[in-house]
Structures are given as C-alpha cells and as structure tokens.
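Some notes on the structure that comes next.
Convention: sequence-line order gives letters A, B, ...; per-chain numbering from 1. None of the values given here were measured: they were computed from a predicted structure.
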Amino acid sequence: MSASHYYLEATVASNISETSRVNTLVLRLREELKIVPGQFLMVWRPGDGEIPITPSLTMGETLCLTIEKVGFTSSRLASLKPGEKVFLRGPYGNGFNLSLPGRYLLIGGGTGAASLTPAYLSLVKKGVETLFLVGARNRESLVYVRRLRELGAGFQVATDDGSEGFKGTLPEFFAEVSSRDRFENVLTIGPERMMVKIAEKCVEQGVSCQVSLVRIVKCGLGVCGSCVLDPLGLRVCVDGPVFHGEKILGSDFGRFMRDEAGRRVEVVQ
Amino acid sequence: MSASHYYLEATVASNISETSRVNTLVLRLREELKIVPGQFLMVWRPGDGEIPITPSLTMGETLCLTIEKVGFTSSRLASLKPGEKVFLRGPYGNGFNLSLPGRYLLIGGGTGAASLTPAYLSLVKKGVETLFLVGARNRESLVYVRRLRELGAGFQVATDDGSEGFKGTLPEFFAEVSSRDRFENVLTIGPERMMVKIAEKCVEQGVSCQVSLVRIVKCGLGVCGSCVLDPLGLRVCVDGPVFHGEKILGSDFGRFMRDEAGRRVEVVQ
Amino acid sequence: MHPDTEVDVAGLVLRSPLMVASGVLGSSPSLIRIIATNPDVGAVVTKTVTYRPRTGYENPTLVDLGYGFLNAMGLPNPGYSEYRFELGSIKKSLEIPLIVSIGPSDEGEAEEMVEELDSVADGFEVNLSCPHVENLGMEVGSDASKASGIVKAVRGSTGKPVLVKISPNVTDFVANARSAVEAGADAITAINTVRGMAIDVNAMRPVLSNVYGGLSGKAIHPVAVRIVFELYEKIKAPIVGCGGVYDWRDAVELILAGATAVQIGSAIAHSQTGLKVFNEIGEGVRRYLALKGFSSVKQIIGLAHS
Amino acid sequence: MHPDTEVDVAGLVLRSPLMVASGVLGSSPSLIRIIATNPDVGAVVTKTVTYRPRTGYENPTLVDLGYGFLNAMGLPNPGYSEYRFELGSIKKSLEIPLIVSIGPSDEGEAEEMVEELDSVADGFEVNLSCPHVENLGMEVGSDASKASGIVKAVRGSTGKPVLVKISPNVTDFVANARSAVEAGADAITAINTVRGMAIDVNAMRPVLSNVYGGLSGKAIHPVAVRIVFELYEKIKAPIVGCGGVYDWRDAVELILAGATAVQIGSAIAHSQTGLKVFNEIGEGVRRYLALKGFSSVKQIIGLAHS
Ligand SMILES: Cc1cc2nc3c(=O)[nH]c(=O)nc-3n(C[C@H](O)[C@H](O)[C@H](O)COP(=O)(O)OP(=O)(O)OC[C@H]3O[C@@H](n4cnc5c(N)ncnc54)[C@H](O)[C@@H]3O)c2cc1C
Ligand SMILES: Cc1cc2nc3c(=O)[nH]c(=O)nc-3n(C[C@H](O)[C@H](O)[C@H](O)COP(=O)(O)OP(=O)(O)OC[C@H]3O[C@@H](n4cnc5c(N)ncnc54)[C@H](O)[C@@H]3O)c2cc1C
Ligand SMILES: Cc1cc2nc3c(=O)[nH]c(=O)nc-3n(C[C@H](O)[C@H](O)[C@H](O)COP(=O)(O)O)c2cc1C
Ligand SMILES: Cc1cc2nc3c(=O)[nH]c(=O)nc-3n(C[C@H](O)[C@H](O)[C@H](O)COP(=O)(O)O)c2cc1C
Ligand code: FES
Ligand code: FES
C-alpha cells in the first residue's frame, strides 16, 4: 500500500489475440507482485471501469492477464495497445491450496485454462505429478494453448466438436480420464455449470475438488457484499474465489448469482 | 497506545508530604511503564488540568511523582488521596545520556533532587561511580532525602542557610566539590538560574553537563511549539527536556521563557 | 461478575448494544441470517433499499485507505419489493431485531415502501445522509422540509420504531436531528460517512467512478464521538452511535458520549477476524464494565457528560 | 532531469509548493527562521494571531490518534502587536515569503492588525475556520456577512496577497469560498481542521479541556482532496491545499486535485524525521514529475480534472 498508494501502475508490453473474444495482455510492472495461484487482481482503466481478473502468468515484473470480451470493461481492457497503462490493486482472495497430498488434475474451460496456468506451473515446479486438461467449444476457441506450449507444459485438449483433441465437454473428458486414472486433487476454473458437474463427480469419487467462482466483485475487500454466495453467506472476494466443491454444492453454486443490483438471477453458463 | 487508548490509568497508593510545598505521589499502574531517566509524563486529572512531571521513581508497576504546588494543577495533584486516580500519557522527551564515559556528579535543586533519582539509581546499578548533591534553601525545604536514604543512596546535602550539610547554594557546593575532585559528567535539574551557573562552570572546566529544562509543555509531542527555547528553535518536549549545557548556553536558557500566550518573559528562578 | 449488555433503543430490546451498520456486507439475507447468530450482535440494519432497483455506480466504488474506506457504491439494491420478499425468507429464523434501512426520495415512496416492508421489519432506519447519491440520501436530508415530510410519512405508515440516520456534512447537524425527532423519529443514528475523495497519482484521476464518496472507518471516529456527544445534550431521543468503531474502546467512547447502541461497519472488513470483531468488542465492553464495577451497560450511557 | 518546483500563489513566488501550515510548531520566530532555511519549504504561515493576547485553553489541548491529531489549543498567541515586533526581528533573514495568519473578530480589528503587520508580512492568511474558538474562527466564518466584512477590511488594508482559510464543517463550503473571493481574497486555503472529540474510557471524560476540538492529519486527507477538487471547478482563485499531507503522494494528490501549493501540519510531528518530512516530500514530488515527464510542478495542477 505504501509503495503504491492506491493502485500499481502497469504498462502493456504486448497484446496477444487468443481467439476472437479473448486476448492476453502482457504487462510490465515496476516491481514484482507476489500472487498465490488462484488469487485475483482488480484491474482498472480510468473511465473504462474496473474488473477482477485472475492472472494467467506472473513472472518477476511480468504479468499476464487473459481477458474475455464479455462487456464494456473487459472489451476495453482486452483491446489495449502496447504502451498503454492499466492500474492494479490486490492480490485478493485466498488462492488454491496446492499443498494437499497426492496428484493434481487441472481442468480449465475457456479463459479458465489461462487462469489455471500459474497453479500448474507452481505444481510442476514443486515436482507434483499434474495433468492439465483444457477445453473449449472448438479449436478456434481454445485459449492460451500456444502459451502453454511455449511454457513446455504437458496438457491435453478437449473440444465440444472434436476439432482438436478429445471430442466432448470437459466434464465428459474428466469422466473419461478418471475412469482410467485416479487423481487425488482436482482444480477447476471455467463456466460454472461445467464446474458443478466436475465437483459433483469429485464428491461422488471422494476426490478433493477446488473450484474458482466468479461473482460480481465490487470492493474486493469483503465490505460491500456484492459477491455473496447464498445461502452460505460466503464472500467470493475474501472467502474465495477458491472453494472446496463439497462445501458449496447444493448452494447457489451453478444455479444462482446476484446481479449488480443484488437481485438473485440464474447462472447462465 | 493500543493498550491504553489515550491515557494510562494510575491509582494513588499513598501521598507523602516532602515539605509544605512538595508532595510525592506513589502510584500503582496496571502495567509496567518503561521510562528512560529524565523522560517525563503528562499527568492529567479531568477538570484539574494536565502538567508535565519527571518521575522520581519507577519500579515495576510503581511510579512516584514528586510535585511542587506552584499553581492550580500542581496543587490539586499534590493533594490527591490514596485511591484517587490520575491519568498518564508518555513517556516523552529524550532523557539523560547515561552512557558517556567517566564518573557522574548529579546536582538536584528542590524537586530536582527527586527527578534525578532514577538517573542516580540507574548509574549506581550500572556500577558507575556517582556522587549526588541535593540542595534547598533550608533543612525544611529539602525534598526526597528521606526516600533517598531509604533507597540507600549516597548523597550530600547543601542548604543556603546551612541548616543541613554544606552551607551555600548548589553552584557554590559544586565549585567546592569540583575544586577537590573532577567528575567527567554533570547532570542537573533545578531552578534554571542555578543550572546556568553550573553549566557555565562545566563549560569552563571542559566537563560534560546535561541539564533538564522546564518550559510550558502543552502537547508534549512537538506539534504546538509552546515549549520552544529561543533563538535555537529547540522544542523542550521532543528535543529535550535534557540538553547539553554547551549547546544552549547563550540562548534564552536561564534568561527568557515563553508564557502560555507565547509571550517572551523573564525566567524568575 | 457478568455485566448485563441489554439495551433498549426506542422500544427495540437488544441483547447487545452492537449492531451491524447499514450497507456493509450488502443486502444478502443469508449473510444477515449468519450474522444474527452471533451473540454479540444486538441487531442488524439492512443495506439501504430504494423504491426502484439500483445497480449502483461503475467500479471502482471503494478505496481502502488503511485507516478507513472511501465508498461510492451508489446504493445498489434490488428495490424494496424484491427485498421484502428476500427478507421474508429469513425473518422467522432471526432472534434479533431486523432494522430495514430505507432511502425514499419522497413521501409517496416512503409510505409505499414502509407499508410493504412493515411485515418483515422490527424497525426502520431512514437514510437521509448518503453523501454520494443524487436525489437520495444527503440531497434529501439537506432539504429540511422534504426530509421532514419523509420522516412524517414513515412515522405515519408504521407503529414500529423509526430511526433517522444523519449526515456529518452539514453546518448544523443538531437542527437536522431535531427536525427528524419533531417529525416523529424515535431515535437518531449518527453518523453516516463524511464527504471525501481519492486521486490516484499514477492514473492522475479520481479513483471512484463517482469522483466523490463517503469516508468511513477510524478516520471519522472522532467526528462521530463529537456529534453523538452534542446530540446527547441537545435532543431528547436516544442516539445510536456509528463511525469508526474498531475496538471496544471506540464502542465505549461512543456510549460514554451518549449512544445507547453502537453500529459497526468498516471494522468488519478491516479487522483480521472479520465478524469475530463483534465478539472481541463485546467481550471488551463486558470486561470494561466489570473492571469499573458496572452491572449494566445502561449505566454508562452518556456518563462522560457528568 | 530537474523538474522546476516553483509555483506562484496569487503573486507570491514560492521556490517549493510546500508550506508550513498555520499553528503547527507555534509562534516562535526562531523556529520560523530555522524552517525557512529548508530548501523544500516554499513559505511559512505563522500561528494565527489575534487582536489581544490569548493564553489558549487549559491542558489537555491535544490528542494523538496515530492517524491524526485532535487539538483545541484555543489559539494561544502573544497578540498581533507583540508578534509584529518578534517577526520584525527575523523578517530580514528570511529568503521565503512569510504569510501571517490572522484571526480578527471584526472589521475594526482586521484593519488595525493588517496595517500594523503589513511591514513584516509578505501576505496574509485570514483564519475564519478554527473549529473550537468562540467569537473567532468558524463562528465568524459561518456568519457570512461578518466573514465577508472582515475579508474586505483585510483587502482594503494591504496590497499584499490575501488568502482565506476555509472550514470543512459547513454544508456549503463552495459558497463560503466564493464569498471570500468576492470580498477580495486572492486565494483560498482549504482546509482547516474537522470538528471532533475524544473521550478517555478510563477517565470517562472528554480529553480536551475544551471538550470539542479539530481533527487534523491523515484522517482528513480525503476530505481535503475532495474540497480542493470541487473548489477548483467552482471558483477562479488559486487554491492552497491543506490536510493530511504525510508523504509525496498526498501532496501530489492535492495538486492534481487543483491545489497550487500544499500546506503541511500534523505530519511534521507524526513523521519520524520531523522537519525532514519536507525534504522527503519535496524529493518525492520531483522524482514523480521526472518519472512522468513533466518539467514543472505547474503542469500537474488540477490535472485530475481533464
Ligand atoms: C475472481 C474472478 C476472477 C476472474 N478472472 C477472469 C479472467 O481471468 N479472465 C476473464 O476474462 N474474466 C475473469 N473474470 C470475469 C470478469 O471479471 C468479468 O467478465 C468482467 O467483470 C465483466 O465485466 P464487463 O464490464 O466487461 O462486463 P459487464 O458489462 O459488466 O457484463 C457483461 C455481461 O456479463 C455479465 N457479467 C458481468 N460480470 C459477471 C460476473 N462476475 N459473473 C457472471 N456474469 C457476469 C453481465 O451480467 C452481462 O451480462 C473473473 C471474475 C472473478 C470474480
Ligand atoms: C519536562 C518537565 C518536567 C517537570 N517535572 C516536574 C516535577 O517532577 N515536579 C514538579 O513539581 N514540577 C515539574 N515540572 C514543572 C511543572 O510541570 C509545573 O510546575 C506545572 O506545569 C505548573 O502547573 P500549575 O497549573 O500547577 O501552575 P500554573 O497555574 O500553570 O502556574 C503557576 C505559576 O508557575 C508558572 N509556571 C507554570 N508552568 C511553568 C513552567 N513550565 N515553567 C516555569 N514556570 C511555570 C506560571 O507562569 C505561574 O506563575 C516539570 C516541567 C517540565 C516541562
Ligand atoms: C461499503 C459501504 C456501504 C455502505 N452503505 C450504506 C447504506 O446503504 N446505507 C447507509 O445508511 N449507510 C451505508 N454506509 C455507511 C455505514 O452504514 C456507516 O454509517 C459508515 O460506514 C460509518 O461507520 P463505520 O466507520 O463503522 O464504517 C456504507 C458504508 C460502507 C463502507
Ligand atoms: C496543534 C495545531 C495547531 C493549529 N493551529 C492553527 C492556527 O493557529 N491557525 C490555523 O489556521 N490553523 C491551525 N491549525 C490547523 C492547521 O493549520 C491545518 O489546517 C490542519 O492541521 C490540517 O492540516 P494537517 O493535516 O497537515 O495538520 C492547527 C493545527 C494543529 C494540529
Ligand atoms: S466484492 Fe465487496 S464483498 Fe466481495
Ligand atoms: S509542548 Fe507542544 S511542541 Fe512542545
């Protein structure tokens, strides 16, 4: 706080187009930012708004944000040019618990493949056996696989239409993989309905499952209550964004969220 | 600060009459207060005001304040009964430097004898050779000698009228003592004109001399400027109350102080 | 010795003088249900609801200053009608009073809202003091006759206790509190946030999307103490103190100043222990009362005046 | 690159935008003389002097809150006449402007004081905003016609720049600033302290002998930023920002908000380094300007508005 007052300044070094809807910003900071995999940052452009993003890479003074253009702010951020600035606060939230014993299966859908990468790299660095499944609707929608390849990551791909890798959804691929091999831990980021299916399967199999939730984050500090998961009263920004699947199954997880006015609305994805 | 909010509460355990004008309050605190000899406390009684006092003894949770009744607040405090409360903030100021090499001569006039006692005890405890001169107008005005005797302190007395000990003022006694024996360090608390004479003599003789000044202390924190020693711009509450004689000789020390309105007035004692 | 911590705010009997301040932790009924099980929470004030749903302002809406927060949330809320429905779903399970905070922009809205919400509320807090929302909050609060009209409308629409929350951002807060009491308020909540703003030196822009916001937390505690102290001498209604209560001393300070109960907002987020801050403060207040020889917290209300 | 830190406040050319705020460090001319040798101090504002000497209030007069101070010194000062004499003794040796702060209680006093003090002052700051002294400061400041009369009297008695220091404790500070400018003020200093108080839980009494006092320091920084920002849009006169400047970012924040210069008070006492805080802040501002590619601090005044 004292070094940065309110926000840390970051400069866009490059902007990599992942798909027609998703871009990765490579940012340079003036100092290193310590982030636990799974924690998130609040990313601000004055006039354009501020949104929560889970970094897709953190390496010294380099930071990658992989952003899907879903609305105004995300679209503006995803379109920034080299030399432009963004302003960061955080890291916020709990991050993944990567010290549970056993092997890890990571399942990333859409931009979730990017957001899971820091956890993947951290596990591999610790010498933990890890398998990374990434998925999307089709080959064109796959996010971050080029970067994963550059990083020398071992990963397997699933596409709904079979245009690359396994043909089917990630829950289907997960079922397939776990019919052959049992991982003690599953980490997943992706569309919420996908995560619910995976979490349910994990509970069935007695496998530990950590999911990263998305809700409307305003303060990021646990003050405003905008990100609450009902009826548990958990605040995604401080109690999460990572939750153990068995703790939140049966709640609004995968079914309801609150919109910006705090109205309870259905989760659509 | 966090334990005490604004003030520490202390309870009067006993009130010892030293002379007709001076009393010693023995206080009990709820926790030990770490004070360097020569530092002072701000002592508050709601409704009666708040004044700076240099403790005359600090021992675990016991604290002694030796107070001369010179005006409203000091008279109220000096008249407190066992069980009554006072409220303390501090310690403030720098305190004496007791790690200068050589032997120490302590010279306390009036309540100064009491205020110098913690420094005396600390030096003796460190095994430093120390001589303590205490003085007053006459035997009846001697302050704290009973307590010094109880503490087993070695001290010598001077009275202006010779009713006890050396006949003469403390500067005279000091001249007499230093004609026989040379101390490397002098510490003194007492009427300012007395301290000036002692400091001048020390400078003449090349002896280190630390004096403790009294000015109007309001904030005690260096903010309000009420305790300034001109023209040096030194604040007694934070830069002092202890100063090296040679640093302040030639200033308003011993000649002028500021009254509560900040008017420059003559030092009378 | 177990000092009694029960207090009575305009007829609302609270097992603890500590209440959750409005808006902090938002409007989720499930959070209210959970908070209400904490034995050191005496009542919950809901997020301020308005006549229509509000999405609030764009992010950024909050700045953490360390010693406080600046917020310009823009009163996001689902609107009183949907909110009544949500509160209904938890009302029965609550063992402590539920005070519904409302931000009507005129008398008509006030009446409709209160009539509808009356079945789920044990009391109302009228927010005439939100410093960053136009046509609501302070804008209304500083238009004396409009404010008074709204309070009268609320008063006329419910038999339950009505609190009015006042703003520190006015020259004469005593006049505002007095006119609220004259219009029928049973108690005054003091204070809402203090006007403020922050500029990021790197971005060179105001941080809050709304530019201006409201300062809360430690920073405003002395302001709250002062206003509670003065109101205690100048109005007859009980006062609920609010502003920068982070530990038991802060709570006691407001009670000694004259508050019958104390609301806690920012500390919930600034404390390492989250909602346990209520237990730490509750325990501290009990220890303090015991140490000083009081058998009830009621005995120290306003004691700093004597 | 060595960015230029010179600014011009209503004709007063300051080598640094940093000034010593009124009253902090008191009225001793010797302290002023010493402070003025600091290259990062652009001007000194004296303690507020009044027509007659004032001893100020009984102790306690100051509370340290950690994140700020509460003070009710009661404007102790030797009176303008003796003070003029004292300032005269150092005036020649000062290389930076000396701004004399005055607290007249009516027009007559204002005229007499300013005529007398004119020979030792490079400018005046009229204190109409001290929150804790009756018949002076805020009491005067909130009586619009009286305040305006005093400013006119000051204006009529000197050709030197006149600053008017305003209070945050009013509903409409913009109106106060405007009427000061209409009455002839060349610049507005914003802000004086915020009303507040503290109660000691052990003593169960207000700490300040005056009960109420003024809050300064970090706590009020967002309030100062907000007022400076709004004044910058609504009045034409230059603004001197004051309130909670503890490091270079706080200073830059006020300048971006619209302040031409910045006063520093509480930080002098709260900083570990005392008066060196001016050098730390000065150095920080220069580094910031260089990093952002500005050649002069003037280029960033009000930049947060664009
Ligand atoms: C902890 C966390 C980490 C995140 N990490 C990433 C990331 O790495 N990459 C990434 O692309 N996105 C991430 N998101 C999601 C991202 O923050 C949202 O997509 C973004 O806030 C949308 O803002 P917007 O202004 O562009 O869209 P808006 O205009 O606000 O919304 C566009 C549409 O999306 C819906 N919407 C907005 N926010 C959410 C939400 N939080 N949940 C569900 N629907 C929403 C709106 O209702 C609307 O229909 C993360 C979210 C959270 C909470
Ligand atoms: C660092 C420090 C340590 C001190 N330690 C002790 C101590 O251990 N024991 C003790 O008895 N006293 C001590 N004093 C002095 C004591 O604080 C004053 O005597 C007291 O403040 C007087 O307050 P009052 O309200 O009783 O008198 P007031 O009514 O304020 O004053 C009575 C008379 O004394 C004069 N006076 C008041 N304060 C001062 C002052 N600071 N210097 C000179 N004249 C003054 C007044 O002008 C007036 O003539 C100390 C002072 C300082 C600054
Ligand atoms: C994030 C946030 C949201 C708030 N929302 C409301 C609200 O909806 N209605 C209201 O009356 N006060 C609201 N407030 C003000 C608080 O209820 C309280 O008056 C203020 O924060 C001071 O208390 P504190 O210092 O304990 O936080 C909000 C405060 C914060 C920090
Ligand atoms: C101990 C003290 C004394 C003050 N005396 C005066 C004064 O005489 N005249 C005045 O205009 N302001 C006075 N002030 C207010 C300051 O000049 C300044 O406006 C306020 O403290 C806010 O700035 P800060 O946060 O940097 O301290 C005083 C402040 C303090 C803390
Ligand atoms: S975003 Fe405000 S509580 Fe989570
Ligand atoms: S007493 Fe205030 S500066 Fe020393």
Counting heavy-atom pairs under 4.5 Å with chain D, which one of G244(C), A198(C), S306(C), A224(C) comes out on top? S306(C)
Any chance the side chains of S179(D) and S148(D) put a donor and an acceptor closer than 3.5 Å? no
Can you say whether L256(C) sits under 4.5 Å from chain D via the side chain, the backbone, both, or neither, judging by heavy atoms? both
Between L70(D) and chain C, with a heavy-atom cut-off of 4.5 Å, which part of the residue counts as in contact: side chain, backbone, both or neither? side chain
Max heavy-atom pairs within cutoff under 4.5 Å with chain D, candidates K292(C), E253(C), E230(C), H221(C), goes to E253(C)
Say whether T193(D) and S216(D), considering side chains only, have a donor N or O and an acceptor N or O under 3.5 Å apart. no
From the list V181(D), T189(D), N127(D), L128(D), side-chain contact (heavy atoms from CB on, under 4.5 Å) partner of V164(D) resolves to L128(D)
Inspect the contact between R178(D) and D172(D) and indicate whether a charged nitrogen and a carboxylate oxygen are less than 4.0 angstrom apart. no
